[in-house]
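Indexing begins at 1, ligand by ligand and atom by atom, following the structure's order. Note that these values count all heavy atoms, side chains included, but never hydrogens, waters or copies made by symmetry. Numbers here simply count residues along the sequence, with the first being 1.
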Amino acid sequence: MTEPSPSVPSTSVAAAAGTETKDSWSSQKYAKNASFVPVLGAPVLKLLDPQPNEHILDLGAGDGVLTIDLEKRCKSVVAIDSSAEMIAAATKIGCKDAQVVDGHDLIEHPLANGQFDAVFSNAALHWMKKDPVRVIQGVNKCLKPQGRFVAEMGGHMNVAEVRSQLHAALRKRGVDPEPYDPWFFPGAKTYARMLEENGFKVDSIELIPRYTALSTDVAGWCDTFGFMFFKPFEGDEKQRQEILEEVQSNLRFSQDEGVWYIMYVRLRFKATKIN
Ligand code: BEZ
């Protein structure tokens, strides 16, 4: 599998309606609507370069599709995710060791025992917004000295056009959007500093723009992935529809020949635990 070119519409995102939080996402919907997530994980798996004798922790493993791939390439994988439903799905498809653990809690968890050769994470760290430093500290505690932390997450300017429109729509209705924005999309310098201040040497870190074609429209994407922004209007379907239409109308230039696009920006990095 190859990395899609940043300038070519190569990613098809099958998003469909849904208003669940990430924790309550049904694994079936996840498989249907976010099947591109593991597919696009190939470059970060390559950067991890797992070895047959290694013990690896998969942080934010989702439904375990990438974990299964990882299991074939190393000695053992522990998959963790904050969603019990995702972990059930991961177990169902054959993940050998899948546990419900929130990345924020790793630091105090028995898994933080300095036994892992590497911690791997794909498309999950940006959901761990509450305390990203604590997450990094937890990862550090899981690793052996010289252990690797290799990950890809949403980075600075990720989905910025849609995010800005969602913020504007809430503000227009007298709601402060900040508490409802679930994402942490750091820049490369910011995240490198956070890693360095918490026991890591940064081997590589880069922002990668990924011009992404949707197989739905922008309203469908917001409905699936921007669910948190609709919390203040719970039960008010009319208001929700109005916001979806407003956001899509304001983003009409994101459509070309009937296909809708969003500019994703990935932050991909490899860091090594010092000492
Ligand atoms: C991402 O993978 O970058 C992403 C996924 C869902 C919502 C926002 C960003």
Note to self: For residues Val247 and Trp183: do they belong to one hydrophobic cluster (side chain heavy atoms under 4.5 Å, members Ile, Leu, Val, Met, Phe, Trp, Tyr)?
What the structure shows: yes
Checklist line | Heavy-atom check, side chain of Leu45 versus side chain of Arg73, under 4.5 Å | finding: yes
Check: Quick check: does Asn158 get an N/O under 3.5 Å from an N/O on ligand 1?
Finding: yes
Notebook entry, point to check: Is Trp183 in polar range of ligand 1, meaning some N or O pair under 3.5 Å apart?
Noted result: no
Notebook entry, point to check: Looking only at side chains, do Glu152 and Asn122 share a donor and an acceptor under 3.5 Å apart?
Noted result: no
Next item on the list: For Glu161 and Gln165, test the side chains for any donor-to-acceptor distance below 3.5 angstrom and give the result as yes or no.
Entry: no
Check: Phe225 heavy atoms, cut-off 4.0 Å: which ligand 1 atoms fall inside?
Finding: 6 (C), 7 (C)
Checklist line | Under-4.0 Å heavy-atom contact with ligand 1, by part of Met153 that carries it | finding: neither
Check: For ligand 1, is any non-hydrogen atom under 4.0 Å from Phe227's backbone (N, CA, C, O), its side chain (CB onward), both, or neither?
Finding: neither
Notebook entry, point to check: If you measure from NZ on Lys273 to NZ on Lys144, what distance do you get to the nearest 0.5 Å?
Noted result: 11.0 Å
